[in-house]
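Numbers restart at 1 for each chain; the letters A, B, ... are given by sequence-line order, proteins then strands.
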Amino acid sequence: MNSESTPTPLSTLSPTSSDAASPNLQVRFKSENGRLLLLLPPEGEQNSLSLTWTDVWQQLKQRLNAGDRFWQPNTSVHLIGRDRLLDARQLQAVVDLLAESQLYLKRVYTSRRQTAVAAATTGISVEQQPSVSPLTPPAESQSPLADPLYLQTTVRSGMEVRHTGTLVILGDVNPGGSVIADGDILVWGSLRGVAHAGASGNGRCMIMALRLEPTQLRIGGQVARAPETPPAQYQPEVAYISESGIRITKSTDISRLRSYLSDL
Amino acid sequence: MSRVIVVTSGKGGVGKTTTTANLGMALAQRGRKVAVIDADFGLRNLDLLLGLENRIVYTAVEVLAGECRLEQALVKDKRHPNLVLLPAAQNRTKDAVTPDQMKQLVQELSNNRDYVLVDCPAGIEMGFQNATVAATEALIVTTPEIAAVRDADRVVGLLEASDIRKQHLIVNRLRPAMVQEDLMMSVKDVQEILAIPLIGVVPDDERVIISTNKGEPIVLAQKLTLAGLALDNIARRLDGEDIPFLDLTATHDDLFSRLRRMFRGTS
Ligand SMILES: Nc1ncnc2c1ncn2[C@@H]1O[C@H](COP(=O)(O)OP(=O)(O)OP(=O)(O)O)[C@@H](O)[C@H]1O
Ligand SMILES: [Mg+2]
């Protein structure tokens with residue numbers, strides 16, 4: 001019996017240039033050589049697209065909450081502030097927030113003099129760097145995929161989670177919420193919002209969910225709506241690109257799929 | 001310690017003010033000391049629903065401007081003196097007050113009171129921030145409609161991000177007959193999306209509108225209607241009582257199917 005279904009294809013996306021992802025970078029944590037780095041998205045030119053402090057703050061909280069179970073107490077955090085202007089009050093807020101998760105801010109790296117001064121007055125050790133530094137590779141979005149990002153959270157309406165690697169959500173993605181990843185997307189819950197896997201163009205990425213009833217699916221450059229008639233019964237499913245566009249199949253068929261995908 | 005609860009929804013017109021007025025009144029009836037704050041600057045309604053419009057002398061804005069003391073601006077309810085209203089200014093916009101000022105007001109107001117209920121304006125802009133800044137809990141009001149639920153979900157997320165974790169859901173204006181015919185989202189459908197604990201379901205009832213127009217909260221009626229009972233039950237649950245949920249379908253079908261449901265255990 002064929003359990004596959006074909007969602008309604010929509011337009012084809014114009015190819016996303018690889019650095020188009022950079023204004024979309026979000027706050028993230030990364031461990032590197034035994035240190036925990038907290039990377040803030042660059043401020044860039046004063047354009048309307050760059051994240052405001054409120055956005056950054058909300059993302060930081062979100063990431064801290066969503067990773068709650070994994071923080072080791074007393075881990076030191078290195079804040080990679082890039083070209084972001086941070087004042088003393090904002091830095092102190094970050095210190096306090098990290099402390100709630102028993103993380104402590106050890107050092108701030110910044111390319112902005114004002115931020116460096118603010119950090120020093122707040123009593124945080126600081127290192128001012130030229131805008132391009134080994135810790136902040138500007139070509140991050142072109143580099144191979146970032147480590148998978150694992151978040152335990154409900155992605156609610158209005159929330160958007162982006163990641164330059166594979167994204168795992170332990171929770172639901174609600175209508176109005178969106179998850180966008182350069183790699184695969186796994187939702188251990190219901191996917192009801194929008195998901196875009198392979199966002200920088202990789203059409204071999206997949207979207208998996210325990211319950212797949214999305215508003216819209218995107219893989220690489222293709223867009224599809226979920227089938228009009230919802231299945232009688234939900235089961236874990238996988239969406240992938242076939243010759244005929246985005247298809248959905250039972251997740252138990254994934255092994256068949258893997259050989260298919262490697263033949264592509 | 002007093003509880004500061006914001007009544008919010010995202011979408012407009014779903015019943016925030018109605019809920020605030022009725023819960024405030026019901027809690028006062030139970031002997032609690034309650035303050036209700038209208039945080040809907042420029043579009044104030046709460047005074048009307050409580051029938052207190054003609055008693056307003058000062059508003060929150062005059063208190064903040066130092067033109068009067070907080071106590072002078074508070075309007076005592078004529079039926080239950082342990083309920084007071086802090087009115088919003090009608091001639092100002094939502095930017096007339098900052099979150100810091102609002103926080104200070106609410107904190108002062110919460111002294112010696114069991115509950116402070118904040119009636120939040122629709123939307124998620126400045127007015128929303130003002131209304132939520134001092135809250136430690138939230139009541140999320142939604143109607144069983146896709147758009148209202150979507151906005152409620154947004155608000156739940158924003159509140160979580162500002163560390164207001166204690167949130168309860170009120171589904172307002174439910175029409176059980178429509179749900180039975182699959183023409184309206186059920187409470188379960190709503191809960192499946194929002195995933196926060198349910199504290200009450202209020203049926204759609206034109207007598208709610210009548211009571212609104214009269215300035216007499218429906219929980220004051222001698223003989224409570226189903227909607228009045230539902231609101232009163234929410235106040236009791238809020239106050240820590242364990243009250244079973246009403247069977248709202250009861251008025252719409254016969255005894256026979258009620259019994260059937262009972263035996264299936266799905267009331
Ligand atoms: N359970 C109900 N049954 C019938 N009508 C209701 C019910 N609840 C509220 N209403 C009516 O819906 C209308 C809007 O209610 P209300 O003013 O409380 O909403 P609100 O969320 O405060 O609106 P706003 O966003 O404009 O502040 C009013 O006319 C009110 O009488
Ligand atoms: Mg209102």
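Heavy atoms closer than 4.5 Å to chain A are found nowhere in Ile146(B), neither backbone nor side chain.
Other residues, nucleotides and ligands place more than 12 heavy atoms under 6.0 Å from the CH2 atom of Trp71(A). Other residues, nucleotides and ligands contribute over 12 non-hydrogen atoms within 6.0 Å of the NZ atom of Lys61(A). Heavy atoms of other residues, nucleotides or ligands lying less than 6.0 angstrom from CD of Glu241(B) number more than 12.
When every heavy atom of Arg154(B) is checked against every heavy atom of Ser157(A), the shortest pair comes out as CD-O, 3.1 Å.
The CD1 atom of Ile196(B) sits 11.0 Å away from the OG1 atom of Thr154(A) when rounded to the nearest 0.5 Å. Rounding to the nearest 0.5 Å places CD of Glu160(B) at 8.0 Å from CD of Gln62(A).
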For Asn65(A) and Arg165(B): C-alpha separation, side-chain torsions, deciding distance, then whether side-chain contact (heavy atoms from CB on, under 4.5 Å) applies. CA-CA 12 Å; Asn65(A) 291 338; Arg165(B) 298 273 159 76; 3.1 Å; yes
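No side-chain heavy atom of Glu192(B) sits less than 4.5 Å from a side-chain heavy atom of Asp172(A).
Comparing Ile124(B), Ile193(B), Val155(B), Leu158(B) by heavy-atom pairs within less than 4.5 Å of chain A, the highest count is held by Ile193(B). Of the listed residues (Leu194(B), Asp151(B), Val149(B)), the greatest number of heavy-atom pairs within a distance under 4.5 Å of chain A belongs to Leu194(B).
Not a single donor-acceptor pair under 3.5 Å links the side chain of Asp153(B) to the backbone N or O of Arg156(A).
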